Amino acid sequence: MLALTSRIPPGRVSTYRLIAEAMNTRAYRAVGAALHKNINPVTVPCHRVCNSDGSIGGYSGGVEKKIALLMQEGVEVKNGRIVDFERRLFRVF
DNA sequence: ATATTGACATTTA
DNA sequence: ATAAATGCCAATA
């Protein structure tokens with residue numbers, strides 16, 4: 001699962017749901033839970049994962065940090081929502 | 001092995 | 001539009 005998460009290209013975002021679906025499961029919660037407990041630095045950029053409705057969700061170091069990182073990558077985040085969320089959604093090929 | 005919980009999602013009011 | 005309730009499946013304890 002971490003492989004999937006780390007597969008997200010920069011400037012692009014994904015959702016817990018998509019990741020779960022990509023691994024042929026519906027355990028979106030498990031994805032987030034696992035990441036929450038096991039933050040693999042640099043190996044897995046968890047800050048590129050958000051909720052299916054475009055909201056940021058949560059982050060270990062704080063949502064603000066996550067938003068900052070996303071902005072740094074070029075993803076505009078306004079009022080806790082990702083701009084052109086569905087367009088920036090990374091789809092596994 | 002079982003029980004509880006969770007960085008969610010979807011539906012219903 | 002928001003809020004609450006319910007479902008979901010894996011991870012942790």
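Only a predicted model underlies this, so the values are computations on that prediction, with no experimental measurement involved. Order of the sequence lines sets the chain letters (A, B, ...), proteins ahead of strands, with each chain counted from 1. Basis for what follows: all heavy atoms, side chains included, without hydrogens, waters or symmetry-related copies.
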Check: Would a 4.5 Å heavy-atom cut-off, applied to side chains only, mark A:N38 and A:V44 as touching?
Finding: no
Check: In whole angstrom, what separates A:N38's CG from C:dA10's P?
Finding: 18 Å
Margin query: Are A:T15 and A:F85 packed together at the side-chain level, in the sense that at least one heavy-atom pair is separated by less than 4.5 angstrom?
Written below: yes
Check: Rounded to whole angstroms, how far apart are CZ on A:R81 and P on C:dA1?
Finding: 10 Å
Check: In whole angstrom, what separates A:E21's CD from C:dC9's P?
Finding: 11 Å
Notebook entry, point to check: Do A:M71 and A:I82 sit in the same hydrophobic cluster, where Ile, Leu, Val, Met, Phe, Trp and Tyr count as joined when their side-chain heavy atoms come under 4.5 Å apart?
Noted result: yes
Note to self: Reading DNA chain B from 5' to 3', where do the contacts with chain A start and stop? Cut-off is 4.0 Å to heavy atoms.
What the structure shows: B:dG6 to B:dT10
Item checked: Inter-residue atom distance A:L89.CG - A:S14.OG, 0.5 Å rounding -> 6.0 Å
Margin query: Rounded to whole Å, please give me the gap between CZ in A:R26 and P in C:dT6.
Written below: 23 Å
Notebook entry, point to check: Any donor and acceptor pair, going by atom type alone, linking the side chain of A:R48 with main-chain N or O of A:I8 inside 3.5 Å?
Noted result: yes
Next item on the list: May I have the distance from A:R29 (atom CZ) to C:dT12 (atom P), rounded to whole angstrom?
Entry: 15 Å
Check: How long is the line joining OH of A:Y28 and C1' of C:dT6, in whole Å?
Finding: 11 Å
Notebook entry, point to check: With no hydrogens and no angle check, is any side-chain donor or acceptor of A:K66 less than 3.5 Å from a backbone partner on A:V49?
Noted result: yes
